Amino acid sequence: MSRFRYVAYTTDGIREVGSLDAATEAQAWDKLTGLRLTVVELLSERGSAERPQRWEVGRKISLSVQAELAEQLAVLFEARLSAMQIVHVIEQGAVLPVVKRKFRRIGQLMAEGQEFPEALQEVADGLSPLFVSLARVGQTTGDPSHLLKSLATALRRQEKMASQIGGALIYPLILVIGGIGVMAMMALYLAPRLETIFTSVNKPVPVELSLFIGLGDVLRNWGLLLALAMATFALATPFILRRYRQSLIRLSHRLPLWGPIAHNAALSRLSRFVEMMLAAGVPLAPALIEAAAAMPHDPSAEVFGEAGRSIEAGGTGRDIFAANPTIPALFRELFSIGERTNTLPSVMASVATALEDQAERKAQRAITLVTPILTLVIGGGIALIVYSVMAALLSVNDLAF
């Protein structure tokens with residue numbers, strides 16, 4: 001049995017310092033949380049810090065969970081609760097362990113003297129970058145609830161588009177998996193059995209059948225190594241994406257079908273963020289610069305930052321956007337009108353909606369185009385298998401002669 005010293009907050013936001021006996025750090029945490037305490041520090045009597053388990057590095061929280069989190073924060077801020085009370089409520093009500101740990105850590109950092117936006121920034125991995133930026137702006141303007149409601153709406157729209165694209169990709173994915181399964185079955189089982197018919201009478205194996213026999217030999221000899229390589233790649237994918245994220249995003253914007261979709265989606269996120277900032281009373285130049293800082297991996301962010309700095313220097317943002325060929329004409333024209341007429345909040349909202357709709361339509365058209373192409377490719381592969389089998393079977397009739 002070990003003794004632990006703790007610092008915690010009650011449901012009323014009162015700081016409490018004490019100690020308790022427990023066999024392990026986990027049991028100590030369970031005892032304290034069972035007393036409805038928000039633990040911000042837990043130390044063993046030996047003085048070693050006993051912290052809750054770190055949140056999963058690189059784990060992406062789904063858009064639906066993020067939208068629900070934004071809605072909950074908006075309601076709690078609207079109820080005029082203190083930031084510490086809000087963190088406690090979110091932690092206690094969180095269903096996902098990763099969210100619970102994030103807000104437990106936020107409570108720790110706030111108890112150490114940090115403000116809510118700074119504490120949120122330290123655990124922002126896996127969350128939309130807009131959470132931190134809007135929390136900071138909301139603290140300055142005194143009305144974070146409105147911004148968080150807007151963020152929840154934006155995240156819902158992103159989730160809708162992502163789910164539509166994901167749903168449309170199910171059928172092509174089934175085709176690909178089915179085709180791979182048929183090829184593997186032919187290479188590993190059917191082709192070797194047909195081969196024995198020809199080798200038993202010292203006859204050459206048909207070329208079509210030899211291709212599948214060779215594929216089967218590769219799978220049998222190198223299958224385990226290939227499986228290990230694929231598993232290693234799958235495990236390393238989050239680290240690769242994090243290490244080369246900006247390069248991969250830029251590459252995705254240059255792909256033939258996906259590039260325009262990714263570009264419109266990124267530009268719509270930036271536009272939506274600027275619209276929310278302007279609606280909160282933030283001037284245009286800081287709004288553009290903050291948007292670029294919040295989403296630095298999006299290629300269009302550089303243009304937004306440059307436009308903001310141009311306005312600060314006495315110029316205009318529309319000249320910067322007009323000089324960049326990667327910005328769609330719709331955005332350039334509407335931004336120019338909004339900047340001249342001082343109606344940018346409503347204009348940026350319209351631009352963001354239009355770009356989101358365009359991205360959704362382009363995604364649907366791309367999937368509509370890809371699906372029949374995949375169907376033809378997979379169908380051609382299956383036709384090749386059928387032809388190989390039939391040619392081999394028909395050749396059996398010639399063996400007797």
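Quick caveat: nothing in here was measured; it's all calculated off a predicted structure.
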[X] side chain near [Y] side chain, heavy-atom distance below 4.5 Å:
X      : Y      : value
Thr316 : Phe321 : no
Ile86  : Phe77  : yes
Val75  : Gln72  : no
Val87  : Met110 : yes
Leu109 : Glu118 : no
Phe116 : Met84  : no

Under the side chain to side chain donor-acceptor pair (under 3.5 Å) test, which residues partner [X], sequence neighbours left out?
X      : answer
Ser82  : Gln85
Thr341 : Thr343
Glu333 : none
Gln158 : none

Taking all atoms of both residues into account, what is the closest heavy-atom pair of [X] and [Y], and its distance?
X      : Y      : result
Ala359 : Ala265 : CB-N, 4.1 Å
Ala187 : Pro192 : O-CD, 3.6 Å
Ala287 : Val274 : O-CG2, 4.1 Å

Checking the side chain of [X] only, and the main-chain atoms of [Y] only, is there a donor and an acceptor separated by less than 3.5 Å?
X      : Y      : answer
Glu339 : Gly317 : yes
Thr353 : Ala349 : yes
Gln66  : Ser128 : yes

- May I ask you to check whether over 12 heavy atoms, not counting those of Arg254, lie within 6.0 Å of atom CZ?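 No, CZ of Arg254 has 12 or fewer neighbouring heavy atoms, counting only those of other groups under 6.0 Å.
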- Query: In terms of heavy-atom contacts, does CG of Asn342 have more than 12 from other residues, nucleotides or ligands at under 6.0 Å?
  - Reply: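 Atom CG in Asn342 is not crowded, with 12 or fewer foreign heavy atoms closer than 6.0 Å.
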- Message: Show me the pairs that pass ring pair (Phe, Tyr, Trp, His ring centres under 6.0 Å) and involve residues 256-295, at least two apart or across chains.
- Response: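 Residue pairs passing ring pair (Phe, Tyr, Trp, His ring centres under 6.0 Å), neighbours aside: His253-His263.
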Interatomic distance, [X] atom [atom1] to [Y] atom [atom2] [nearest 0.5 angstrom]:
X      : Y      : atom1 : atom2 : answer
Leu73  : Leu151 : CG    : CG    : 9.0 Å
Glu302 : Ile320 : CD    : CD1   : 13.0 Å
Leu369 : Leu374 : CG    : CG    : 9.5 Å
Leu355 : Ser350 : CG    : OG    : 10.5 Å
Lys100 : Gln92  : NZ    : CD    : 5.5 Å
Met277 : Leu288 : CE    : CG    : 9.5 Å

Solution key, residues 324-331 side-chain donor-acceptor pairs under 3.5 Å, sequence neighbours excluded:
| residue | atom | partner | partner atom | Å |
| --- | --- | --- | --- | --- |
| Asn324 | OD1 | Thr326 | N | 2.9 |
| Asn324 | OD1 | Thr326 | OG1 | 2.3 |

According to the salt bridge (charged side-chain N to carboxylate O under 4.0 Å, His left out) rule, which pairs have a member within [range], sequence neighbours left out?
range            : result
residues 374-386 : none
residues 155-175 : Glu71-Arg156, Arg156-Glu159, Arg157-Glu356, Arg157-Asp357
residues 358-373 : none
residues 169-192 : none

- Query: Can you name the residues that form a salt bridge (Lys or Arg N to Asp or Glu O under 4.0 Å) with Lys149, not counting sequence neighbours?
  - Reply: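 Salt bridge (Lys or Arg N to Asp or Glu O under 4.0 Å) check on Lys149 returns Glu78.
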- Task: Take Phe131 and Gln121 through the test side chain to side chain contact (heavy atoms under 4.5 Å, CB included) and record every step on the way to the result.
- Result: CA-CA 8 Å; Phe131 265 100; Gln121 185 172 12; over 6 Å; no
- Item | Residues in side-chain contact (heavy atoms from CB on, under 4.5 Å) contact with Pro345, at least two apart in sequence or another chain |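 Listed in chain order: Leu278.
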- Query: Are side-chain N/O atoms of Ser336 and Arg332 paired as donor and acceptor at under 3.5 Å?
  - Reply: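 Side chains of Ser336 and Arg332: no pair found under 3.5 Å.
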- Message: Using the rule given for side chain to side chain contact (heavy atoms under 4.5 Å, CB included), can you reason through Ile106 versus Ile90, listing the C-alpha separation, both sets of side-chain angles and the distance that settles it, and then say yes or no?
- Response: CA-CA 11 Å; Ile106 290 173; Ile90 295 294; over 6 Å; no
- Message: Apply side chain to side chain contact (heavy atoms under 4.5 Å, CB included) to residues Asp319 and Ser310 and explain how you reach the verdict.
- Response: CA-CA 9 Å; Asp319 293 334; Ser310 174; 5.9 Å; no
- Does the side chain to side chain contact (heavy atoms under 4.5 Å, CB included) test come out yes or no for Arg269 and Asp298, once each step is laid out? CA-CA 10 Å; Arg269 289 193 297 269; Asp298 290 334; 3.4 Å; yes
